[in-house]
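Below is one structure; the comments refer to it alone.
When reading the values below, keep in mind they use all heavy atoms of this one structure, side chains included, and skip hydrogens, waters and symmetry mates. Ligands are counted one by one from 1 in listed order, and the atoms in each one are counted from 1 as well. Index from 1, following the sequence. The shown structure was predicted, so the numbers you read here are calculated from the model rather than taken from an experiment.
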Amino acid sequence: VKKCSLSGSWVNDLGSNMTIGAVNGDGNFEGSYHTAVSASPNEIKVSPLQGSMQRGTNQKGQPTFGFTVNWSFSDSITVFTGQCFVDNDGKEVLKTMWLLRSRVESINNDWKATRAGRNTFIRT
Ligand SMILES: CN1C(=O)N(C)[C@H]2CS[C@@H](CCCCC(=O)O)[C@H]21
């Protein structure tokens with residue numbers, strides 16, 4: 001039967017690597033995110049992530065989830081949400097959408113402070 005587990009190591013098409021630890025009884029998890037690219041001029045560092053996945057029998061082994069990456073090298077934060085699928089070749093894949101919120105100097109710049117996108121992760 002199809003079953004997709006979030007724990008372990010993942011890579012996306014931007015070359016970012018993510019490692020997710022064990023999912024606890026509440027469906028919560030922690031991990032780390034290492035990005036290859038950034039909008040920040042600062043030196044890129046590994047950043048912590050924390051999140052939750054839906055549990056319960058109705059997930060049919062392909063659970064939905066959300067997590068937040070608190071960037072350790074820039075004044076920004078990204079929230080991801082998505083679902084863990086087993087694709088048609090039997091491979092696990094995370095289909096996600098994300099919002100990247102950067103700190104801006106003034107409320108007048110709030111309009112340009114949030115970037116959005118889609119992203120797919122496969123297992124490394
Ligand atoms: C590399 N990325 C990646 O793997 N994404 C899915 C997107 C959404 S988070 C962003 C990186 C943000 C780094 C911190 C900053 O530039 O403020 C970009």
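For Arg123 and Trp10, the positive end sits near the middle of the six-membered ring, less than 6.0 Å away and at most 45° from its axis.
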- [ ] Test side chain to side chain contact (heavy atoms under 4.5 Å, CB included) on Leu49 and Met18 and set out the steps.
- [x] CA-CA 9 Å; Leu49 72 87; Met18 169 170 76; 3.7 Å; yes

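Between the Thr78 side chain and the Val69 main chain, no donor and acceptor come within less than 3.5 Å of each other. The backbone N or O of Asp26 sits less than 3.5 Å from a side-chain atom of Asn24, completing a donor-acceptor pair.
Of the charged side-chain nitrogens involved, at least one lies within less than 4.0 Å of a carboxylate oxygen, so that Asp110 and Arg101 count as a salt-bridged pair.
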Could you list each N/O atom of ligand 1 together with any protein N/O atom closer than 3.5 Å, one pair per line with the distance?
{"unit_1": "ligand 1", "atom_1": "4 (O)", "unit_2": "Asn12", "atom_2": "ND2", "d": "2.9"}
{"unit_1": "ligand 1", "atom_1": "4 (O)", "unit_2": "Ser16", "atom_2": "OG", "d": "2.7"}
{"unit_1": "ligand 1", "atom_1": "4 (O)", "unit_2": "Tyr33", "atom_2": "OH", "d": "2.7"}
{"unit_1": "ligand 1", "atom_1": "16 (O)", "unit_2": "Ser38", "atom_2": "OG", "d": "3.1"}
{"unit_1": "ligand 1", "atom_1": "16 (O)", "unit_2": "Ala39", "atom_2": "N", "d": "2.7"}
{"unit_1": "ligand 1", "atom_1": "17 (O)", "unit_2": "Ser74", "atom_2": "OG", "d": "2.9"}
{"unit_1": "ligand 1", "atom_1": "17 (O)", "unit_2": "Ser76", "atom_2": "OG", "d": "2.6"}

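Annotation: ring-ring contact (aromatic ring centres under 6.0 Å, His included) contacts involving residues 11-33, sequence neighbours excluded, comprise Tyr33-Trp71, Tyr33-Phe80.
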